[in-house]
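Labels below follow one simple rule: chain letters A, B, ... track the order of the sequence lines, proteins then strands, and each chain is numbered from 1.
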Protein chains: 2
Amino acid sequence: MTTESRPGLRERKKQRTRDAISDAAITLFVERGFNEVSVAQIAEAAEVSKRTLFAYFPTKEDLVVHRMADHETESARVVRARPAHTAPLDALRDHFLDGLRRRDPITGLNDMPQIRELTQLIFRTPALIDRMQRFRAGGERALTEALCDTTDAPELVARMASVQIIAVQWALSMENFERLISGETADARYPDAARSAERAFALLANGLATVG
Amino acid sequence: MTTESRPGLRERKKQRTRDAISDAAITLFVERGFNEVSVAQIAEAAEVSKRTLFAYFPTKEDLVVHRMADHETESARVVRARPAHTAPLDALRDHFLDGLRRRDPITGLNDMPQIRELTQLIFRTPALIDRMQRFRAGGERALTEALCDTTDAPELVARMASVQIIAVQWALSMENFERLISGETADARYPDAARSAERAFALLANGLATVG
DNA sequence: TAGATAAGTACACCAAGTGCAGAACTATTC
DNA sequence: GAATAGTTCTGCACTTGGTGTACTTATCTA
């Protein structure tokens, strides 16, 4: 009756429940603000018990930020998957620029209403910003390892390079977020965003001494 | 009876109360761990009501991290106060190296028992790490402004330089913290710490392209 | 269809943090 | 130096995030 590749009913139900909870949460948060909605209200809206909600998401913050979890190790993956004879930094720059072109939400350059609302929610809520920073730390660790494994740079250099790169990517994304929040469209912002990214990566490559 | 410069009894009492609460908190936290001590117990140990405790410190985390608040704008101050014809990055490097020599706790290179214990407490407690990151964001903003005000670098460059610098300083301090936590003494660590810092700042100045 | 196993629920509980009304204290003024 | 105005502190009730537990209900397997 069920094909061999399809997960069982149990797994499908779990996924549906998980989505129901997350959707209810984000809808309510966007509507009324993170602190103005209680987890009890979310559980009620998703038609599950509070206890079940916490079985799927360990904290209230995770109801929102779990959607970003995939991106945690993105930079590390890009470095590992880069073509031979390509410098890590070049691969990362190209990937970021491609993200801008594709309007990847992670670059801050996506102005679709749902994504914009989610972004604003996060940036208006200190507790959520804090939580995002934890992903950043994880991303730094993963990138450091990727650099160590795929280049012959000493560990200190890998660590420093990695924190610099993540910091710059983060700052570029933040800048784009802010512009979009203040009303600019993604298409209008794109040319400057791309130029900024190119300059920022050039700065990473060539060093701060070049600007006095 | 009181000299004109001395604050009134009320102010002095406030300061004493504040110190009593903070001291009680840190003593208990170090003894038993952040999550194993409730604010009610801290209030009791400091002989104030829970309500008074929250009048002085807005959250449980602030009981610990308020001691770091002064350092938030340290980098910005260093840049603003640097001698004429000195590059910001040089001033910051010299300041960091001087911090290492002085065993400034902020560099992670102080192994006095009290400071070591406090450091370990923070790094063992995710909630406290999160809170520390908020200082970092403030430090980045302040440094960006300082760079804009005292150099003719465009704002994008100032922003990127600032997040890179703060990221590197943070990573260097973390490295020192970890070494000391794993048993090394500050004096034993010092030579490597200084060399690492010099290399890291050189990397900032010369760029990542220099290392493939 | 029986029974093992996993998911979900109800309920009681703890801790962080807030609002409020009044008590205790400090500063000021006559 | 007593009245009083202004702060700080307290006690208490309350909300909310999060956990432990014993129990029910649903899915899977044989």
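- A distance of 9.5 Å separates CG of A:L204 from CG of B:L204, quoted to the nearest 0.5 Å.
- With A:F34 as the partner, the side-chain contact (heavy atoms from CB on, under 4.5 Å) test is satisfied by one option alone out of A:L63, A:L28, A:L128, A:I122: A:L128.
- Scanning both residues, A:R134 and A:E72, for their nearest heavy atoms gives O-OE2, 4.4 Å.
- Side chains of A:N110 and A:R116: no donor on one and acceptor on the other come within 3.5 Å.
- Between the CG atom of B:L53 and the P atom of D:dT10 there is a distance of 10 Å, rounded to whole Å.
- When the side-chain contact (heavy atoms from CB on, under 4.5 Å) test is applied to B:R141, no partner is found at least two apart in sequence or on another chain.
- Spacing between atom CG of A:D62 and atom P of D:dT19 amounts to 11 Å, rounded to whole angstrom units.
- For the pair B:Y56 and D:dT8, the criterion of a side-chain N or O lying under 4.0 Å from OP1 or OP2 is not met.
- Among the atoms of the strands shown, only primed sugar atoms or phosphate atoms (P, OP1, OP2) are found under 4.0 Å from some heavy atom of B:S38.
- Taking the side chain of A:T59 as heavy atoms from C-beta on, and the options D:dG18, C:dT18, C:dA15, the nearest nucleotide is D:dG18.
- Between the P atom of C:dA6 and the NZ atom of A:K14 lies a distance of 10 Å, rounded to the nearest Å.
- For the pair A:K60 NZ and D:dT16 P, the interatomic distance rounds to 9 Å; values are reported in whole Å.
- Picking from C:dT9, D:dT19, C:dA16 the nucleotide with the shortest atom distance to the side chain of A:F54 gives D:dT19.
- Here the C1' atom of nucleotide C:dT9 and the CD atom of A:E47 are 14 Å apart, to the nearest Å.
- Atom CD1 of A:I26 sits about 5.0 Å away from atom NE2 of A:H66, to the nearest 0.5 Å.
- Residue A:K50 contributes atom NZ, which lies 7 Å from atom C1' of D:dG18 at whole-angstrom precision.
- Residues from residues 16-33 of chain A with heavy atoms under 4.0 angstrom of DNA chain D: there are none.
- For the pair A:N35 and A:R51, nearest-nucleotide mapping onto DNA chain D gives the more 5' position to A:N35.
- Side-chain polar atoms of B:S196 and B:E175 form no donor-acceptor pair below 3.5 angstrom.
- Within the nucleic acid shown, A:K13 comes within 4.0 Å of sugar-phosphate atoms alone, with no base atom in reach, counting heavy atoms only.
- One interatomic measurement links the two molecules: CZ of A:R10 to P of D:dT25, which rounds to 16 Å at whole-angstrom precision.
- Here B:S49 does not reach the OP1 or OP2 of D:dG11: none of its side-chain N or O atoms lies under 4.0 Å away.
- Atom CZ of A:F57 and atom C1' of D:dG17 are 16 Å apart (whole Å).
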